[in-house]
Amino acid sequence: MAGARLALIIDDSEDQLDLLQRLLEREGFQVFAAIDAESAIAAFDEISPALAIVDLNLPGVTGAEVALRIRARFPECALIVSSVLDAVDYPEADAALPKPVTGASLREAISKVAV
Amino acid sequence: MTKRSLQQRLFDRPSPLLKQIPSLSGLLIALGLSIYVLDISLSNVMLVSVGSGLIFGATAIAVWMSARQRYEDVIVMLIPMIDIVALGLFRWGTGGVNSLFGALMLLPVVWLATAPGVRYVALVAVLTSFNYLLPYLAAPPDTWTDWLRVVISPLVFAGVAVVINDLSRQQRRKVQEAQSLVRELKVALSINETMIEKLQEKKKEHQALLDSFASLWSSITAQAIFAIDTCGTVTAWTPGAEQLFGLNERQVLGAVTVDSFFTPTALAILSEEFATSSTGAVVAADGSEVDAEIDSSAALPDGVRALFAAAEAASDIETILDVASASGRVIPARVTITQRLGADGNQLGYLLVITDESRAVEVARMKDEFVGMVSHELRTPLSSIIGFLDLLQNDPEQPLTADQLEFVEVINRNANRLLALVGDLLFTAQAESGSFPLALGEFDLTKSVAVAVQSASPIALRAGVELESDTPDEPLMICADATRIGQALDNLLSNALKFTPAGGRVVVGARSTGENVDIWVRDTGLGIPKAEQEQLFTRFFRASTATRNAVPGIGLGLNIIRAIVIAHHGKMSVTSAEGEGTEFNISLPRESSST
């Protein structure tokens, strides 16, 4: 586990993935970006994320399902849910990061989960 | 028929000829006996001839009168008189006092006596006396016996005539009575016949009315219409009701009560919605009637009784409810209930009109789903725009020039505005379908007001409008969705500032009113025309004062505020005068139960 902490980000929008990756890298994270839940799950054996940011609207396996899997597989990992949906509809998570995501809102969410 | 009429002609109303036959026959027999059998000496051939001649003459008159059908003529009555005189002459001619044929006079006497009137009895007496006197004209009687003969025989004839006259008078009266009875019967019968005709006509009209009503009733297929009595039992059922509920007339009439058509949830909603009116309706002057009313519907669920009470109070009630078909299918429907009164003003029950709103509800759901989907799809690119603008603004390695920062700020502001509009659109779509969630928590309302005033002050300052708050010093705790309430306050303030020209004043306040909390926003702005105040809360509605004065907006703000208030089980009202200003008032319960 040498170097920076790993952040797993799952979002079906490439632009959003790019944005999150840049913001997280500015915060000193190493980033594993997945365009859908399936590719993230496929990589579970190779990664050990300290932080996961999951978009809820995903094709195939939904964000809520993959959030549960991350909880089960990486109990130590801080889980942040991000979506255009209303915050009330979010599944149980450590923090919520409603879109649009900005540097300030991301920093606030990270400070909440204290990674 | 012909037999009877013949009999009638002969005996009920005999012709003069028929009446004359006995006298004629008597004469002929007497003549025959005198001449051929008995060898009676015709003491005076001339008298016999004159008598016989008179009889034949009288018979001729009878024939003539009969032929002319003149049965009641005065001349007819001459016939028996002539007969009496003729037979008197005949008697005289066949031996006078000793004649065998004196009694023949009885035949015309009977005829004359049957004629109506006592004068004919007198005539009989006179004529017979004359006849008996005739033989003595030449030689008057010399013994008392002969004198007596002259007196007694006419007296006997007169007596017989009296009896016959009276009997026939009685007979005539009876006949007359019978005839008048028959006439009365005939009149009554004809009245009856007219009556029956009228009745049949009425029956036809009634049947036509029934037919037209039946065809009208059976053509109601688009709505489920049915009638119930005061106990809630179905008394009439349209084909439309059959279609909607899947039950036919035979299955429901008198057998099913109205509550079985509503879902338990709908009944609960009813009892809640019309609760106040139900307690109000039980109060009446006549105690016994109220008892009876309660008894008749006592077996029904509270919801139905509340609905009945509301229908009685307001004459008709319309509401949107879920109804349940026989197969258990739940159908969203518009339910109208009207009190049904009889011709005498007595209550018969209620009429229910139920319109299937499934399609409308489905269309509304699809519309909201579409708006929701579009909003989500719009949010995703907007999120990227705003996110990357943020990156651009806050990149320590590549700082922007002052101009660039200003441009990015403009883009950012507009992107956020667009995002807010999309959010509003999504929110109203959720509000219309009643599916937006509330995150309830306890908070101090005075703080929310303060926050709203603070964020609106820069706008107020720019617009040159004075912005004040009027809240109590102590905290106003309320259990509600703080974000939504804040949103409502922001929207109200933003509206008030938009519609108030420079130099005006906007006041936002809150106060406790026991179980509720009142929030109000008052401005000295353009005001809203009276006619438009009803539509004010409709989605996309814009007041004419807004469009005329080019106040920006798309007509979602008030719709959103109202949706928030309703979700909190609160009430909202507006008072406004054009050119003077507007006050919006919101009343929220302190404890809002989540929907």
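Note that the coordinates shown come from a computational prediction; the quantities given were computed from them, not determined experimentally. Below, chains carry the letters A, B, ... as their sequence lines are ordered, and counting in each starts from 1.
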| request: Apply the test side-chain contact (heavy atoms from CB on, under 4.5 Å) to residues R26(A) and D395(B): give CA-CA distance (whole Å), side-chain angles for both, the deciding distance (0.1 Å), then the verdict. | output: CA-CA 9 Å; R26(A) 276 192 196 175; D395(B) 193 343; 3.3 Å; yes
| query | With chain A, which of G387(B), P381(B), P396(B), G423(B) has the greatest number of heavy-atom pairs at distances under 4.5 Å? | reply | G387(B)
Is the number of heavy atoms from other residues, nucleotides or ligands under 6.0 Å of [X] [atom1] greater than 12?
| X | atom1 | value |
| --- | --- | --- |
| R71(A) | CZ | yes |
| E362(B) | CD | yes |
| E409(B) | CD | yes |
| E442(B) | CD | yes |
| F370(B) | CZ | no |

| field | Distance, nearest 0.5 Å, that separates OG of S384(B) from CG of D11(A) | value | 8.0 Å
| If you look at every heavy atom in D18(A) and F388(B), which pair is closest and at what distance? | OD2-CZ, 3.8 Å
| task | Could you look at L419(B) and say if it's the side chain, the backbone, both or neither that has a heavy atom under 4.5 Å from chain A? | result | side chain
| Identified side chain to side chain contact (heavy atoms under 4.5 Å, CB included) partner of T102(A) from the options D390(B), N412(B), N394(B), L391(B) | D390(B)
